[in-house]
Structure formats: C-alpha cells, structure tokens
Enquirer: 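Could you have a look at this structure, given as structure tokens, before my questions?
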Amino acid sequence: MELQIGGWSLMKKYELLRSGDNIIRILDVQQERTLVIDCVKHTMPVWIETKLLESYSECSNEELFKITEIKIMDVDTLDSNQRKVMHKRYTMIAPIVSFISDDKMRSKLICSIAEEHKVSKQTVRNYLCLYLSYLDVTILALKKREYSQELTQDEKHMRWALNKFFYTTKKQSLMTAYTMMLKEKYCDADGVLGEEYPSFYQFRYFYRKSRKMQNFYISRDGLKNYQRNNRPLTGEGVQEFAPAVGVGMLDATVCDIYLINEEGNLVGRPILTACIDAYSSLCCGYSLSWEGGVYSLRGLMLNIITNKVAWCRRFGISIEKEDWDCDRLPGTFVTDMGSEYKSENFEQIAELGVTVVNLPSYRPELKGLVEKFFDLIQGTYKKHLKGKGVIEPDYQERGAHDYRKDACLTMMDFEKIILHCMIYYNAKRIIENFPYTEAMINAGVKPYASCIWEWGKSQIGANLISVDSRELILTLLPRTTGKFGRTGLKVNKLRYHCEGYTEQYLSGGTVTVAYNSEDVTSVWVVEDGVYTEFTLIESRFQGKDLTEVQELQSGQRIISKNEVRNNLQAQIDLAQRIETIAGSISGHRDVHMKNIRHTRRKEQSRCHQDYMKEGSYHD
C-alpha cells in the first residue's frame, strides 16, 4: 500500500523524507494525516497534515547518518556490556513501538515503564525517539569514549611542571606550579614571557583530568600518612568505621509536608537537621526550622547537649531518661561536603575537642545511616498525615494535586509529631541486623537504639564530650578581626569597651573577636580559648542586629555625601565674606603698644552691658 505525494509514490511506513537539512521518518498514515518523527532533533512523533509533505523528497539512510554525524555500529563489534545495555533499552521500549500511533496508550506505557525500570519518563522517550529515528537497535548501545593517548607539547610541559613542582612534599600550590612552568618553558633568555602560552584554566583542567588521588596523597603527604589517613577502608562497615559510641553523622533534609503559621497562612516546607550516632543509630539531637545552613547547625548542636526529658516536656511529651539519654557531644562528627559543614563557623567546634571528618574522604556509603533515618521518620508520619499537607510522589507531575492547599499543621504541631516519631525510632524500633557481640548478648542488650547507646556509653572507646551551652554558643559564633585604638575596640565599624584593657587601647593591635550578627550589644574577644565580653559604646545601636546597624551607617554616609557640594559652597561663601570685611579696612596703621592694661580696662568699661536690663528689652 502506497501514499501518493506530489508526482511520486512513497511506501506507507518507515520511509525517510528530506527537506533541506530536515529529515523525517513516516511512522503511520491515517487518511489525510501522517505520523512522523524528526530524525535530526529526535523529538516525539507528531501527526501532521499529509499535504505538508509535498515539499519533501526521498532520502537514504546514508544521508541521515551524514547529517546527524552518527555512525551505526555492527553488532559483532559490540562488547558484552554494550550488548547488555542495548538489549535492556530495547526491551524497555519494545511495548511502546506497537502503540506508537495511539497517543494516549503511548503516554500510559511510558509512565508505567519509567516507574517499573526506575528511570525518568524523559529517558524512556529519548530511547524511543532514538530507535524510531534510525530503526536500528545498535543505536541504543553504549558509546565507547575515545581518548587520545598522544600528548601535545603544552600538555607535556604541564605534566613536567606537575611532577616537578606540585607532586612533591613541599606541597606547592597549583598556581605556583603553573608560574614555574611559564618561567621554565615559556620565557626567553631574558625572562620575558612569550606571546603564546597555556592559560591557568587549561593547566588546571589538565591537572584535574590526569589527577590520580593515590598519587596525590602519597607524593605530597608520604606513604605512611596515606596508609593511615587516606587509603580506602574496605572492612566491616560501621563496626570498623565507628567501633564505639561517639561518632555522629550530620545531614539535613527538606520535610515532605507543607505547614502554615498561626494565622493560617502557608509558610512552606520545614528543614530537618539531625545527628545520628553511627554505632547505635541513636538520634543524638535534631533541629527543625525554616532556615538551613549554619543556623540550623547551631540549633542542632544545642539540642544534642540539651536534657531530652526537659526538652520533650516543653511540648507536653513525657519520656523516661533512658529513652533518650543524650546530653553530650559526639567526639567525632562525620559530614558530607555541604557548604555549612565546610564553613569556618562550624569548624570552630574543633576548639571543644570535636573532630570533624569529611565523609567522602573515607566511607561515602556510610552516609546511608542518616539517610535511612530521614526515610524512617518521614515514612512514619506521612502515612498518618495524608490529606494534611503531606507530599505524595506525584507532586511534581503535570496536573497533580496541589498539596499546599491541604496544609493545616503549624510548626509546633509538626514538631510534636516529629518528636513522637524520634522517640519511637530511638526506644521502640527493633534494629534487626545489628552485629551483636558476645558481651552484648551476655549483658542482654535489647535491640533498640537507646539500649545499644546506653550499653555503648559504658564501654571502652566511647567518645563523648561534655560541653556547657554558653561555651558551645560562643564557639559557633562567627568571627572577625577587631582593632584596638584610643576610642576602644573597633569591630564591624562599631566601638566596644571592657575594663582592664587600657594598655591595649593605647598600644593598638588586632585580636580575634566572636560576634552575634543578630544583636551587636556585645562581642567576645577570643584569647587562648577564653571569651572576654566587650560591651557596645554607642548606645544608639543597642539591641539592633548587624544588618540594621549597617543600614543606619550607610544611610548616614549617603546623607553626608549628598551634602558635600553644599558644604564646599558654604566654605567658598565664608571665605568671600571674610575677604570682603578684611578688604574694607583701611591700610596698615601704627599700633601703640604702651599701657595695654589701661587700654583694656577702658575698653571693658565702654563695652560693658547690664544683662539684666538687656534681658528686659528682649521680653
């Protein structure tokens, strides 16, 4: 059966047509419309009017390959992995091909296949369009990357510079190695840099492309340091990484629920930050807030050292001390590469004796413990809060229900629910796969996180640190440099004072200062781990946050700046008036220097006024 287009005939299905650089393939024909796919852009098939194809001419597969710059591989040249991927992808889309003309059925199949294979719907569409464009199953195979083994002259110079200046125990920076390369390889005899040379970005790209971490660690830190601190740890998992209580894992997540405020207005989704003990899986503490980053970390640290019985009592929840007996900081914090964990504010916690470990450097798979905690907590409350703002898996899909409209819980309500979930998680959830030791079995330790934690605290190797809440808060405050002067200690363009620092005010110098950006009333000078409080001198800024102060200072500067021209004009006017008065005086006269006291008394008598009488004249 053929379709007539213009003056030539065309097979009904799978024929290629071309118009300029645009190539399409006919997939089906129904009366006066035709189903086609764009073989260049690989977009989903669409129905178009058949008469629109009159400007198209026949096209061969070779032309398609040339325009798209695609080379179809021979099945025999594929390795086992490529064949496996090819058949897996074709099996995925095969059911859809039979219903390619039925838009509704096609969409339904794409959704079900994406869910079944745990891939996105767009991935399924991509495979389908790729196959329909070329009608060759090998197009679905993985493409092998071809790497050029031959280095250019510039790359040879880069490799030489890295080996000579960067991969050494001197630990030179990448910029230093780049500078030395230019000096040695791209300058003439007089040390003048030539016209053509690689940029630092090219040098850094080559370094990152060719870098081997094992070589990096061994060459810069030595083999012993690598064996101790950097080598891969392929042991027993948690029991090797965290052999005792005191290794806390930190992470945060956005909760799958929308909340409102007390007035009934939608606020959004809260952020839950938690610390999980890697050994017992106990939740040491949490922070539920609208702000993430360093702010939520401060709340988390304070919650870890808080008495949990008293904390739960604030929410009307009664628990026993052994259900959640954690009021000390873990000796080690394991974090991911989040910016808040790498910030100087959080790293200051090391001053309390806490060790901060970057998880990717050691065991990235262990992050699953805290991720599992979030899954369990959210899975616990979500099934009971359906229709109350909880987000379902389809919330991002087109036409899905707007779950924001269901929101009815406030932050206080939700925090009570979270606390109940955590109490269950700590004290009642059975840990089935915990690697019990003989000592634990003899002690009859129950398979709950709180029981394992209680037993672990008494064992050798437990690493917990007692910290005062004020000391913890001061440690986590942001820091800056303060400068002593005669006007006091200047911090963030504000002046502060403390008794006993007269010598520093007179001598000057700088000092490290911790400050609270939310209240500039006080700052704390940090000296040898001791925090000395300095109070604000300028009372007009009392109780204000740093942003308000900066806005006031900025506003004052703007007002002063706007009056500069008027001030200059006033100075000019003043000079002119003085000169006018001075110019009106006659020339130089001889001044009699005798009897000055008599002359002064005479003038005093002449100019003297009775201000009592003068005051009555002014009434």
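Numbers here are sequence positions counted from 1.
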Enquirer: Do Thr306 and Asn303 pair up side chain to side chain, a donor and an acceptor below 3.5 Å, judged on atom types alone?
Expert: no
Enquirer: Could you check whether any side-chain heavy atom of Ile305 comes within less than 4.5 Å of a side-chain heavy atom of Ser469, counting everything from C-beta outward?
Expert: yes
Enquirer: Measure the spacing between CD1 of Ile559 and OG of Ser554 and express it to the nearest 0.5 Å.
Expert: 10.0 Å
Enquirer: Any Lys/Arg nitrogen of Arg470 or Asp468 sitting under 4.0 Å from an Asp/Glu carboxylate oxygen of the other?
Expert: no
Enquirer: Trp290 and Leu259: which non-hydrogen atoms are nearest, and at how many Å?
Expert: CH2-CB, 3.8 Å
Enquirer: Residues in ring pair (Phe, Tyr, Trp, His ring centres under 6.0 Å) with Tyr381, at least two apart?
Expert: Phe414
Enquirer: Do the ring planes of Tyr207 and Phe166 sit parallel (below 30°), tilted (30 to 60°) or perpendicular (above 60°)?
Expert: perpendicular
Enquirer: For Leu489 and Val511, work out which heavy atoms get closest and say how close.
Expert: CD1-CG1, 4.0 Å
Enquirer: Salt bridge between Asp256 and Arg269, side-chain N to carboxylate O under 4.0 Å?
Expert: yes
Enquirer: Check whether any side-chain heavy atom of Cys255 lies under 4.5 Å from a side-chain heavy atom of Ile377, and answer yes or no.
Expert: no
Enquirer: Using 30° and 60° as the class boundaries, would you call the ring planes of Tyr286 and Trp311 parallel, tilted or perpendicular?
Expert: perpendicular
Enquirer: Counting only N and O atoms by type, is there a donor-acceptor contact under 3.5 Å from the side chain of Gln556 to the main-chain atoms of Gln553?
Expert: no
Enquirer: Taking all atoms of both residues into account, what is the closest heavy-atom pair of Tyr505 and Cys498, and its distance?
Expert: OH-N, 2.9 Å
Enquirer: Inspect the surroundings of OH in Tyr205 and state if more than 12 heavy atoms from other residues, nucleotides or ligands are less than 6.0 Å away.
Expert: no
Enquirer: Are the ring centres of Phe373 and Tyr425 closer than 6.0 Å?
Expert: yes
Enquirer: So, Asp277 side chain and Gly246 main chain: donor-acceptor pair closer than 3.5 Å or not?
Expert: yes
Enquirer: Relative to the ring of Phe203, is the ring of Tyr178 parallel (under 30°), tilted (30 to 60°) or perpendicular (over 60°)?
Expert: tilted
Enquirer: Heavy atoms only: give me the nearest Gly248-Pro330 pair and the separation to one decimal.
Expert: N-CB, 3.7 Å
Enquirer: Can you label the angle between the Tyr186 ring and the His157 ring as parallel, tilted or perpendicular, going by 30° and 60°?
Expert: perpendicular
Enquirer: Less than 4.5 Å apart, side chain to side chain, heavy atoms only: is that true for Tyr279 and Gln459?
Expert: no
Enquirer: Could you check whether Asp519 and Thr521, counting side-chain N and O atoms only, form a donor-acceptor pair closer than 3.5 Å?
Expert: yes
Enquirer: Given side chains that start at C-beta, do those of Arg159 and Leu151 come closer than 4.5 Å, heavy atoms only?
Expert: yes
Enquirer: Mind listing the closest non-hydrogen atom pair of Pro198 and Leu182 along with its distance?
Expert: O-CD2, 4.3 Å
Enquirer: Nearest 0.5 Å, what's the CD1-CG distance between Ile537 and Leu494?
Expert: 10.0 Å
Enquirer: Looking only at non-hydrogen atoms, find the nearest pair between Leu385 and Leu409 and report the distance.
Expert: CD1-CD1, 3.9 Å
Enquirer: Taking CZ in Arg557 as the centre, count heavy atoms belonging to other residues, nucleotides or ligands within less than 6.0 Å. Is the count above 12?
Expert: yes
Enquirer: Do other residues, nucleotides or ligands put more than 12 heavy atoms under 6.0 Å from the CD atom of Glu184?
Expert: yes
Enquirer: Should we say atom CE of Met213 is surrounded by more than 12 heavy atoms from elsewhere, each under 6.0 Å from it?
Expert: yes
Enquirer: Is a side-chain N or O of Arg486 found less than 3.5 angstrom from the main chain of Gly508, in a donor-acceptor match?
Expert: no
Enquirer: Salt bridge or not between Arg298 and Glu518? Use side-chain N to carboxylate O under 4.0 Å.
Expert: no
Enquirer: Is it true that the side chains of Asp323 and Tyr448 contain a donor and an acceptor less than 3.5 Å apart?
Expert: no
Enquirer: Would you indicate whether the side-chain heavy atoms of Phe216 and Tyr167 approach each other to under 4.5 Å?
Expert: yes
Enquirer: May I ask you to check whether Ser522 and Glu533 show a side-chain donor-acceptor distance below 3.5 Å?
Expert: yes
